[in-house]
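Worksheet: one structure, shown below.
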Amino acid sequence: MMRAYAVPAVRAAEAAAMEGLEEGELMQRAARGLAEVALTRLEERGDRVVVLAGSGDNGGDALWAGAHLATSDANVVVVLVGSREHTAGLSAAREAGAVVLEWRSGSAADSVRSALAEADVVLDGIVGIGGSPGLPDHLRELPDLIGDEAYLIAVDLPSGCDPAGLVGADSIFADETVTFSLLKPCHLMPATEPAVGLLTVVDIGVAEPSSTPAVERLTHDDVADLWPVPGPADDKYSRGVLGSITGSSAFTGAALLSLTAAVTAGAGMVRYVGPDHPAELLRAAVPEAVFGDGRCQAYVFGSGWSAEDADETQLSVAREQLAGDLPMVIDAGGLDLLSAPRSAPTLLTPHAGELKRLIERLDLDEPAGVAGAQAVADHLSVTVLLKGAVTAVVSPSAYGQPVRTQADAPAWLGTAGSGDVLGGLAGMLLAAGLEPGVAGALAALVHGAAGRRANPGGPVRALDVAHALGPTIAALLTARPRSQ
Ligand SMILES: NC(=O)C1=CN([C@@H]2O[C@H](COP(=O)(O)OP(=O)(O)OC[C@H]3O[C@@H](n4cnc5c(N)ncnc54)[C@H](O)[C@@H]3O)[C@@H](O)[C@H]2O)[C@@H](O)CC1
């Protein structure tokens, strides 16, 4: 499990770690760890380093690391970009032989431009967790000035990223981010993670807070502890029966993909509710399915139909179940049916466009992203799984749960029908008794992993992803035994 903590919790943990240490010791540890990483990255690249140093302690880390690098014979140019700088760090860098330039306002001098264009490694110490979203105005052109060959290491976080990870803004896009002991939300959130690059954690001795993290991410090692593995006393009913109200005459494939995913991922049983056209196809393609409504432990509905042209039986079963108390995954067209809070466990699975529509229909204030998903989750008392390259699972604030994010999927998974597979998979997990937050995160992880396994390094079709679920789950379950 990866956990990221909000800035106040990080600051409190750092303050606790500093008690009993000499002043500046944490910064020294951070700078040494950072310099070690930079030295390794320099090995095959050259010896020219540019240190971009801002006003705060983040700049201090970068300056001290610059001093270490200069002592190790790197050719270091410091560029001071803030209104002031960490005095001791700057003196150390100077004494170690670094050249010091300034770019505090306006456009960059030629000396700064050529240092940036020729750098082998750039350390971004402009701003860290004390920063607000966006680069300072005068540094907007900075990303264009850094040579294509340079390896860009962000100190703690890429400057310009919202530390909370909620707002996308102009920022540095790093090849690697070196952070210290604790992850921050921006490292794992959809709006900011793309700027982070490879994430390296240097342990500087700050202990993990005991408070709830702001963001959590499941890793492959967590799957065995969470996946509903049947025991000898189980049968198809106790394992969970999923009702799938998916597909339509126009979108027959959505039903096929949803059911195939649920069956392949290990549903005890799947009941299909829908018109003849997908049903005939399903009788041949998913012989395990049972047709017509009946006793279920959870439902998935909405994939492959819209509320305007859905089949009448589908609509009436969906509406009846919506008013009932069974867990549900609500996908695609089904999202239009929900306007009032639901007390039973509910997982909505919109993509960004569907979330935007939902926010507009519900007349909520937040525009989009994780904040938008949170507003919907709070308004409807549901868990929202916002699909994307980084998928976020957001539960109502009252639950006190962290935002869960997963980034397991190759970009090839952005293909028609992929979401139908995810819906069937998540539905199967709800039917097995998992709560929506865990079911959503686990489904996103397994879906992404199956997307890789279906055709490593190349394009995938959704049906292959659904077929890859069984072997993917087996591999995840057998890679590490369940904890006791
Ligand atoms: N507290 C500690 O013990 C440790 C702190 N560390 C470092 O300290 C950093 C936090 O230091 P600070 O609290 O000084 O904060 P920062 O270094 O992130 O920066 C705050 C400074 O940047 C300015 N600033 C804010 N937003 C800006 C923006 N968008 N553009 C430009 N300037 C902006 C502020 O006016 C302030 O001067 C961490 O990210 C980490 O790198 C590390 O040394 C590890 C130990």
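Each ligand, and each atom within it, is numbered from 1 in the order the structure gives. Nothing fancy with the numbering, it's 1 onward along the sequence.
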Within the 4.0 Å heavy-atom shell around [X], which atoms of ligand 1 are there?
X      : result
Gly128 : 16 (P), 17 (O), 18 (O), 39 (O)
Arg11  : 13 (O)
Met27  : 43 (O)
Glu14  : 1 (N), 2 (C), 3 (O), 4 (C), 5 (C)
Gly131 : 18 (O), 25 (C), 26 (N)

Closest protein heavy atom to [atom], given as residue, atom name and distance to 0.1 Å:
atom                    : answer
atom 39 (O) of ligand 1 : Asp156 OD2, 2.6 Å
atom 31 (C) of ligand 1 : Pro136 CG, 3.3 Å
atom 45 (C) of ligand 1 : Leu26 CB, 3.8 Å
atom 10 (C) of ligand 1 : Ile129 CG1, 3.7 Å
atom 34 (C) of ligand 1 : Gly130 O, 4.9 Å
atom 33 (C) of ligand 1 : Val127 CG2, 3.7 Å

Does some non-hydrogen atom of Gly54 fall short of 4.0 Å from ligand 1? no
(Q) Can you tell me if Arg84 contacts ligand 1 (heavy atom of the residue under 4.0 Å from the ligand)? (A) yes
Does the pair [X]/[Y] count as a salt bridge with the N-to-O cut at 4.0 Å?
X      : Y      : result
Asp162 : Lys184 : no
Arg113 : Glu141 : yes
Arg29  : Glu25  : yes
Glu85  : Arg104 : yes
Arg41  : Asp175 : no

For the residue pair [Y] / [X], report whether a side-chain donor-acceptor contact shorter than 3.5 Å exists.
X      : Y      : answer
Ser395 : Gln401 : yes
Ser258 : Asp420 : no
Arg452 : Thr472 : no

To atom 41 (O) of ligand 1, the nearest of Asp137, Asp61, Val10 on a heavy-atom basis is Asp61
To atom 9 (C) of ligand 1, the nearest of Asn58, Leu135, Val81, Leu21 on a heavy-atom basis is Asn58
Look only at interatomic distance and state if [X] has a nitrogen or oxygen under 3.5 Å from any nitrogen or oxygen of ligand 1.
X      : value
Pro133 : no
Met18  : no
Val155 : no
Gly134 : yes

State whether the number of non-hydrogen atoms from other residues, nucleotides or ligands found under 6.0 Å of [X] atom [atom1] is greater than 12.
X      : atom1 : result
Glu149 : CD    : no
Arg94  : CZ    : no
Glu360 : CD    : yes
Asp365 : CG    : no

field: Closer than 4.0 Å: a protein non-hydrogen atom to atom 2 (C) of ligand 1
entry: yes
Contact region, Asp57 to ligand 1, non-hydrogen atoms below 4.0 Å, reads both
Quick look: Ile204 vs ligand 1, heavy-atom contacts under 4.0 Å, and the answer is side chain
Of all heavy-atom pairs linking Leu469 and Ala450, the shortest is CD2-CB, 3.7 Å
